[in-house]
Amino acid sequence: MSQIIASDAQRLEQDAIVTMFELDARNYGDGILRFAPYPIDGGPVRFNGYEYQPVPIKAEGFEWNGQGTLPRPTLTVTAMELAFLSLVISADDLVGAPVKRLRTYRRHLDDGTAPDPEALFPIDYYVIERKALQNRRQIQFELSVQMDQEGRMIPHRQILRDSCTHRYRWFDGTQYRYEGVTCPYSGSGEWEADGSDALPGMGRDVCGKRLSDCRLRFGQNGVLPTRAFPGVGRVR
């Protein structure tokens, strides 16, 4: 907690606390989504130069009870927002996406009487554990704190020597699409899965997931963003 917030908390007259959320969807072809449960003066919440769009959202279960169990809060959002619904469908329900909860006093917002981007309560860091509910009206996500990853194997990523685990771009019949893609390649060169040249303009670019395929796209001496582990040897 910042010193400013600590001092504000001692005031006899308390200012309104404003809650904001950040959902990091960059691994799914989107950016950082910023939203707030309520509008401020009829518009978005403005803090630290960013706008947090008001979204009908219900946030519950963030309290720590001190009984040894970590909180599993839930976020319930409207299913009527088609862009967000499309992101959920294309990104495996956003499981594993980082979520931050930020809180400050109204006076410290960009349009407040004492704007200060560093005046924050302790930031809460979570990840989406699972989609708990979805119907025609709403979607509910269960969150977990980053230290409480039930059933998560260590190491989290499976170590494969000869196969990259990036999600590669795909062709929809008219153009290449990048929703849910993690590989950064977006060049004009196209190759078949076996590494041979593909006919240009036919949408036949398929990555074979090998180190040689990565070199075709990023150069023999370029920085290769492969998720394979070519240095791993077999244990005998």
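The figures that follow rest on heavy atoms only: side chains count, while hydrogens, waters and symmetry mates do not.
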Item to complete: On the 0 to 90° scale, with breaks at 30° and 60°, tag the Phe218-Tyr185 ring pair as parallel, tilted or perpendicular.
Response: perpendicular
Report yes if some heavy atom in the side chain of [X] is under 4.5 Å from a heavy atom in the side chain of [Y]; otherwise report no.
| X | Y | result |
| --- | --- | --- |
| Asp116 | Tyr105 | no |
| Arg72 | Glu129 | yes |
| Cys183 | Cys207 | no |
| Phe121 | Ile17 | yes |
| Lys209 | Thr226 | no |
| Asp41 | Asp111 | yes |

Closest heavy-atom contact between [X] and [Y]?
| X | Y | result |
| --- | --- | --- |
| Pro44 | Pro54 | CA-CD, 3.6 Å |
| Asn48 | Asp110 | N-OD1, 2.9 Å |
| Gln138 | Thr76 | OE1-CG2, 3.6 Å |
| Glu190 | Leu199 | OE1-O, 3.9 Å |
| Leu109 | Arg46 | CB-O, 3.5 Å |
| Ile123 | Lys100 | CG2-CD, 4.0 Å |

Membership question, hydrophobic clusters at under 4.5 Å side-chain separation (ILVMFWY): are [Y] and [X] in the same one?
| X | Y | answer |
| --- | --- | --- |
| Tyr50 | Leu102 | yes |
| Leu216 | Val206 | no |
| Val88 | Leu133 | no |
| Tyr168 | Tyr178 | no |
| Met20 | Tyr125 | yes |

Separation of [Y] [atom2] from [X] [atom1] (nearest 0.5 Å):
| X | Y | atom1 | atom2 | answer |
| --- | --- | --- | --- | --- |
| Arg26 | Thr182 | CZ | OG1 | 14.0 Å |
| Ile128 | Thr74 | CD1 | OG1 | 12.0 Å |
| Phe35 | Leu33 | CZ | CG | 7.0 Å |
| Ile32 | Leu23 | CD1 | CG | 9.5 Å |
| Ile57 | Thr78 | CD1 | OG1 | 10.5 Å |
| Leu224 | Cys164 | CG | SG | 10.0 Å |

[X] side chain to [Y] backbone, donor-acceptor under 3.5 Å:
| X | Y | answer |
| --- | --- | --- |
| Thr104 | Ala119 | yes |
| His166 | Pro184 | no |
| Asp93 | Val95 | no |
| Asp172 | Thr174 | yes |
| Asp15 | Arg107 | yes |
| His108 | Ala114 | yes |

Worksheet item: For Phe62 and Leu143, what are the C-alpha separation, side-chain angles and deciding distance, and is it a side chain to side chain contact (heavy atoms under 4.5 Å, CB included)?
Response: CA-CA 10 Å; Phe62 285 88; Leu143 311 181; 4.2 Å; yes
Worksheet item: Would Gln53 and Val45 satisfy side chain to side chain contact (heavy atoms under 4.5 Å, CB included), going step by step from the backbone distance to the final call?
Response: CA-CA 7 Å; Gln53 297 298 327; Val45 177; over 6 Å; no
Worksheet item: Within a reach of under 6.0 Å around CG of Asn135, are more than 12 heavy atoms found that belong to other residues, nucleotides or ligands?
Response: yes
Discussion item. Assess whether a salt bridge exists between Asp194 and Arg210, defined as any Lys/Arg side-chain N lying under 4.0 Å from an Asp/Glu carboxylate O.
Written reply: no
Practice prompt. Start with the C-alpha gap between Glu192 and Arg204, add the side-chain angles, then the distance that decides, and say whether side chain to side chain contact (heavy atoms under 4.5 Å, CB included) holds.
Written response: CA-CA 6 Å; Glu192 302 276 1; Arg204 299 183 60 176; 3.0 Å; yes
Worksheet item: Between Phe47 and Tyr52, is the ring centre distance below 6.0 Å?
Response: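 Phe47 vs Tyr52: aromatic centres not under 6.0 Å.
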Worksheet item: Which pairs pass ring pair (Phe, Tyr, Trp, His ring centres under 6.0 Å) with one or both residues in residues 186-206, sequence neighbours excluded?
Response: none
Discussion item. Apply side chain to side chain contact (heavy atoms under 4.5 Å, CB included) to residues Val99 and Val127 and explain how you reach the verdict.
Written reply: CA-CA 5 Å; Val99 176; Val127 295; over 6 Å; no
Discussion item. Both conditions, 6.0 Å and 45 degrees, for the charged tip of Arg177 above the ring of Phe171: are they met here?
Written reply: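 Checked: cation-pi criterion not met.
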Worksheet item: Taking the six-membered ring of Phe21 as reference, does the NZ or CZ atom of Arg101 fall below 6.0 Å from its centre and within a 45° cone about the axis?
Response: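 Geometry flag: not set, cation outside 6.0 Å or 45°.
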Worksheet entry | Test log, rule salt bridge (Lys or Arg N to Asp or Glu O under 4.0 Å), inputs Asp24 and Arg34 | CA-CA 9 Å; Asp24 189 345; Arg34 297 179 172 88; over 6 Å; no
